[in-house]
Amino acid sequence: MVILGAIADDLTGATDLCNTLVREGMRTVQAIGVPDARLEVPDADAVVVALKSRTIPAAEAVEQSLAALEWLERAGCRQYLFKYCSTFDSTDAGNIGPVAEALLDALGERFTIYCPVFPETGRTVFQGHLFVGDVLLSDSPMRDHPLTPMRDASLVRVLERQTRHRVGLVPFAAVDQGPAAITRAFAEARAAGVRHAIVDALSDRHLRDIGDASADLKLVTGGSGIARGLPANYRKAALLTSGAADRLPPSRGHAAVLSGSCSAATLRQVAHFLERRPALKVDPAELAGGAAAVERAIAWARQRLGDGPVLIYASAPPDEVQRAQSKLGRERAAALVEDAMAAIARALVGDGVGRLVVAGGETAGAVVGALGVRALRIGAQIDPGVPWTSSVGGPALALALKSGNFGGDDFFEKALECAP
Ligand code: ADP
């Protein structure tokens, strides 16, 4: 039985939430995009639907979120969480207010809370104002974000511009007194006609107390920090099975690493692997010459897979990337690499690869799409923020999807050593 159904407005945010839930003891599955009506309800305590709805038009974000909610309701969830960024990334046109509003309406509820607080990364809310470290959100680099410039740190005001209903504040003075005071403050806000309550919090303890006080809220909204306090409620209600939440089905077959990330950490990881195991570089100019380059890479891997893990990478330092981009155009260079990695992944899995490490957020998206993977069970962390996962439905394939600057220099080897 799925207890918690979450809707996240972007993919890495969803993964972050999944990680938090697993660490709090919930068996968690991440659905990539709105789950297909045919996706069987997995054996999990939480399902997190990863959308890409942060910066699309509000009406589309609402539509996708409602479709996700419909699937989650059919899965029998008891509580719902709408997850957005801890810097409340949105514009006056939405999408946080409109999506929360639509979810409340669909659930027949009249009240929800907003708490983007993530103390580990310095995101706190005091008197309704969001701080990033020691500066107001509006004085942080988020001020000049290309898509969602945040120029007002008052979340009450930000949300007021995104919804027609009353916005209120559950202040630090109540939150700091613990769950009973927070519960009272929720009731008072609700009685005063507040539909959307921003909740102050500075610490992990506050988040856990807010979670405690939210046991009876059908919908909670916030960053992944708000999920810390919810699992304790389910445990208290004896809804969680005991045992390891991060257990994955055992993987079989060969292992391979595909890297399309050019981030500094990935370049170090590629260099580290190169010194120890076979690796092949593919480059966009060569890929532009036709399918032969991909075929060559597949044949190269095929010959070596039986002897242990191999790496195929397009990762390159900035000057090389720039050269490829000025020759082919940024989009074309990226698409060539992503399509190549997708085709190579498909071929290698066909050849019996059962453990695949993929470096690069966009690259991972392309690979997962090509493999037809629609949902992932989340396992143990390899390095902070990057868990092993296992495909849900179809033959079990273990996947470690690492974006950008995550992981230590030995990440690839480390991942393969602790593969399920
Ligand atoms: P990260 O998570 O590090 O940002 P992504 O996969 O999201 O990695 O993005 C890297 C992008 O760079 C991808 O679109 C990939 O196709 C592209 N790319 C990879 N290698 C090269 C290269 N050698 N030249 C140009 N673009 C490249």
Side-chain angles (χ1 to χ4, degrees), residues 8-16 18-19 30 32-33 50-52 54-55 85 89 145-147 256-274 279-291 293-294 296-297 300-301 311-346 348 356-371 373 376 381-387 389 399-412 415:
D9 67 358
D10 87 331
L11 185 67
T12 47
T15 306
D16 183 25
C18 289
N19 237 329
Q30 174 176 345
I32 300 159
L51 300 179
K52 260 186 169 179
R54 184 167 294 168
T55 54
C85 186
D89 301 12
H145 189 280
L147 300 173
V257 184
L258 299 177
S259 177
S261 159
C262 300
S263 301
T266 307
L267 295 177
R268 288 196 298 272
Q269 290 154 1
V270 167
H272 194 272
F273 191 94
L274 275 178
L280 179 75
K281 186 169 182 172
V282 290
D283 96 350
E286 190 193 348
L287 294 169
V294 169
R296 264 199 308 277
W300 174 89
L311 163 68
I312 297 177
Y313 66 104
S315 312
D319 56 327
E320 234 179 281
V321 171
Q322 217 154 34
R323 243 177 289 135
Q325 287 177 341
S326 52
K327 193 162 160 199
L328 300 161
R330 175 195 294 264
E331 306 270 304
R332 174 117 198 278
L336 281 165
V337 171
E338 285 167 34
D339 292 350
M341 291 298 173
I344 293 168
R346 241 193 338 248
L348 297 190
L356 195 57
V357 179
V358 186
E362 295 299 324
T363 310
V367 166
V368 161
L371 294 174
V373 174
L376 299 167
Q381 287 201 133
I382 303 158
D383 269 339
V386 199
T389 70
L399 290 161
L401 309 174
K402 182 204 84 89
S403 69
N405 277 316
F406 284 86
D409 292 359
D410 62 347
F411 178 82
F412 296 153

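As the structure lists them, so they are numbered: ligands from 1, and atoms in each ligand from 1. Treat the numbers as computed from the prediction; the structure is a model and nothing was measured. Side chains included, hydrogens not; waters and symmetry mates left out as well; all remaining heavy atoms used.
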**OP:** May I have the step-by-step check of side chain to side chain donor-acceptor pair (under 3.5 Å) for Ser259 and Thr266, ending in yes or no?
**Re:** CA-CA 8 Å; Ser259 177; Thr266 307; 5.3 Å; no
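By the criterion of a heavy-atom distance under 4.0 Å, the side chain of Ala324, and not its backbone, is placed next to ligand 1.
Residue contact check: Val321 has heavy atoms under 4.0 Å from atoms 24 (N), 25 (C) of ligand 1.
Considering Ser263, Gly360, Pro284, Ser259 only, the shortest heavy-atom separation from atom 4 (O) of ligand 1 involves Ser263. Nearest residue to atom 16 (O) of ligand 1 from Ala334, Gly365, Ala265 is Ala334 (criterion: closest heavy atom). The closest non-hydrogen atom to atom 7 (O) of ligand 1, taken over Glu362, Gln322, Arg323, comes from Glu362.
With respect to atom 15 (C) of ligand 1, the closest heavy atom belonging to the protein is Gly260 O, 3.4 Å. Summary of contacts: the protein heavy atom closest to atom 2 (O) of ligand 1 is Gly404 N, 2.7 Å. Here the protein heavy atom with the shortest distance to atom 14 (O) of ligand 1 is Glu338 OE2, 2.4 Å. Scanning all protein heavy atoms for the shortest distance to atom 20 (N) of ligand 1 gives Ala314 O, 3.2 Å. The closest protein non-hydrogen atom to atom 6 (O) of ligand 1 is Thr363 OG1, 2.6 Å.
Not one N or O of Ser315 is nearer than 3.5 Å to an N or O of ligand 1, by distance alone. On a distance-only criterion, Gly361 and ligand 1 share at least one N/O pair closer than 3.5 Å.
Among all heavy-atom pairs drawn from Ala324 and Ala333, the shortest one is O-CB, 4.4 Å. When every heavy atom of Leu51 is checked against every heavy atom of Gly33, the shortest pair comes out as CD2-C, 4.3 Å.
Under 4.0 Å is where a charged nitrogen must lie from a carboxylate oxygen, and between Lys281 and Glu286 no such pair does.
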